[in-house]
Student: 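Structure below; questions to follow.
The model shown is predicted, which means the values in this text are computed figures rather than measured ones. Sequential numbering from 1 along the given sequence is applied to the chain's residues. The analysis underlying the following values was restricted to heavy atoms, covering all of them including side chains, and did not include hydrogens, waters or symmetry mates.
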Amino acid sequence: MFDLRNVRVRSGEEHREAVEVAIAPVELGGERYVAVPEEAPAELAVTRASTGWVFELRFGVRLHGPCVRCLADAVVEERLSLREYQATSPDSDELTTPYLVENRLDLSAWARDALVLALPAQIVCREDCLGLCPVCGENLNESDPQAHRHEAVGDPRWSKLRDLELG
């Protein structure tokens, strides 16, 4: 949490400060991804506008967790530059930020929400990850894909149709 009561700026002035932002673990698709380190160094800028406050946060983070294709270790690096606005007298929800409560800015929640939105749809160990064999579960990245074969077995529910003579 960053307490705005300690910021003394007039309209048009900016306050910059180096801060540490705690990044809570992220759970996606039932898998847990952890930021390393758990507290990311960040730069916070608070600008006093004539009608409110402008908040900017810049930081980089590395998330570690399983690859969605093969379950091996995967690392995602993101650099984020965020901006929020809070009007002094808001007349709509668009002029407020959910991260400011009683003059305290929740940097961790803001950073985590933005991180989740910035993540790729699938976190993979490498772009050309082949994943796991759907039949035996072997990691196809560690075996020769040409040599890894299984005998084609039909669906047993359709076996009676093979005996059917048409025409």
Side-chain angles (χ1 to χ4, degrees), residues 1-2 16-47 53-86 92-101 104-164 166:
M1 291 289 218
F2 183 81
R16 286 192 176 273
E17 189 171 323
V19 294
E20 294 282 324
V21 178
I23 308 291
V26 175
E27 196 159 315
L28 298 171
E31 300 295 341
R32 185 178 168 102
Y33 297 89
V34 180
V36 177
E38 290 179 9
E39 289 200 2
E43 181 182 352
L44 174 66
V46 178
T47 306
W53 297 89
V54 177
F55 308 108
E56 295 179 72
L57 184 65
R58 290 184 181 85
F59 67 99
V61 66
R62 289 175 54 119
L63 275 186
H64 293 257
C67 171
V68 298
R69 294 182 190 159
C70 71
L71 303 177
D73 290 332
V75 176
V76 176
E77 291 191 44
E78 292 289 339
R79 295 260 343 126
L80 295 154
S81 182
L82 317 176
R83 180 178 285 178
E84 286 282 324
Y85 175 75
Q86 174 71 41
S92 76
D93 287 344
E94 291 181 6
L95 299 176
T96 64
T97 175
Y99 308 110
L100 184 64
V101 178
R104 294 175 58 110
L105 186 61
D106 189 346
L107 299 177
S108 295
W110 183 19
R112 186 183 182 284
D113 289 352
L115 174 62
V116 169
L117 292 174
L119 290 174
Q122 291 188 332
I123 296 176
V124 293
C125 58
R126 61 182 204 225
E127 287 300 316
D128 62 342
C129 177
L130 298 174
L132 301 175
C133 173
V135 176
C136 68
E138 183 178 345
N139 187 339
L140 297 175
N141 296 316
E142 298 170 357
S143 67
D144 180 10
Q146 302 303 324
H148 187 90
R149 301 209 183 269
H150 295 280
E151 194 174 302
V153 179
D155 188 333
R157 296 174 292 182
W158 296 94
S159 63
K160 292 293 183 188
L161 291 176
R162 285 190 206 96
D163 300 336
L164 188 64
L166 299 174

Student: So which atom in R16 and which in A45 form the shortest heavy-atom distance, rounded to 0.1 Å?
Tutor: NH1-CB, 3.6 Å
Student: Could you tell me whether the side chain of D113 reaches within less than 4.5 Å of the side chain of Y99, counting heavy atoms only?
Tutor: yes
Student: Compare every heavy atom of L82 with every heavy atom of A111, then report the nearest pair and how far apart it is.
Tutor: CA-CD1, 4.3 Å
Student: So, taking the atom named OG1 in T47 and the one named OH in Y85, what distance separates them when rounded to the nearest 0.5 Å?
Tutor: 11.5 Å
Student: Looking at every non-hydrogen atom in both residues, tell me the closest pair between V26 and L119 and how far apart they are.
Tutor: CG1-CD1, 4.4 Å
Student: Are any of the side-chain heavy atoms of L115 and L80 separated by less than 4.5 Å?
Tutor: yes
Student: Side chains of P98 and E84: does their closest heavy-atom pair fall under 4.5 Å?
Tutor: yes
Student: Are more than 12 heavy atoms, taken from residues, nucleotides or ligands other than E43, located less than 6.0 Å from that residue's CD atom?
Tutor: yes
Student: What do the steps show when you test V46 against L44 for side-chain contact (heavy atoms from CB on, under 4.5 Å), and what is the final call?
Tutor: CA-CA 7 Å; V46 178; L44 174 66; 4.0 Å; yes
Student: Once side-chain contact (heavy atoms from CB on, under 4.5 Å) is applied, do any residues pair with D106, and if so which ones, sequence neighbours excluded?
Tutor: M1, S108, A109
Student: Taking V61 as the fixed residue, which of V36, V21, I23 is the one that meets the side chain to side chain contact (heavy atoms under 4.5 Å, CB included) rule?
Tutor: I23
Student: If you round to the nearest 0.5 Å, how far is CZ of R126 from SG of C70?
Tutor: 7.5 Å
Student: I need the L130 CG to H148 NE2 distance, nearest 0.5 Å.
Tutor: 11.0 Å
Student: In Å and rounded to the nearest 0.5 Å, what is the CG to CZ distance from L107 to F59?
Tutor: 9.5 Å
Student: What distance separates N141 CG from C67 SG, expressed to the nearest 0.5 Å?
Tutor: 7.5 Å
Student: Roughly how far, to the nearest 0.5 Å, is the CG atom of L63 from the CZ atom of R32?
Tutor: 11.5 Å
Student: Show me the pairs that pass salt bridge (Lys or Arg N to Asp or Glu O under 4.0 Å) and involve residues 55-79, at least two apart or across chains.
Tutor: E56-R58, E56-R83, R62-E77
Student: Can any side-chain N or O of Y33 pair as donor or acceptor with the backbone N or O of P66 at less than 3.5 Å?
Tutor: yes
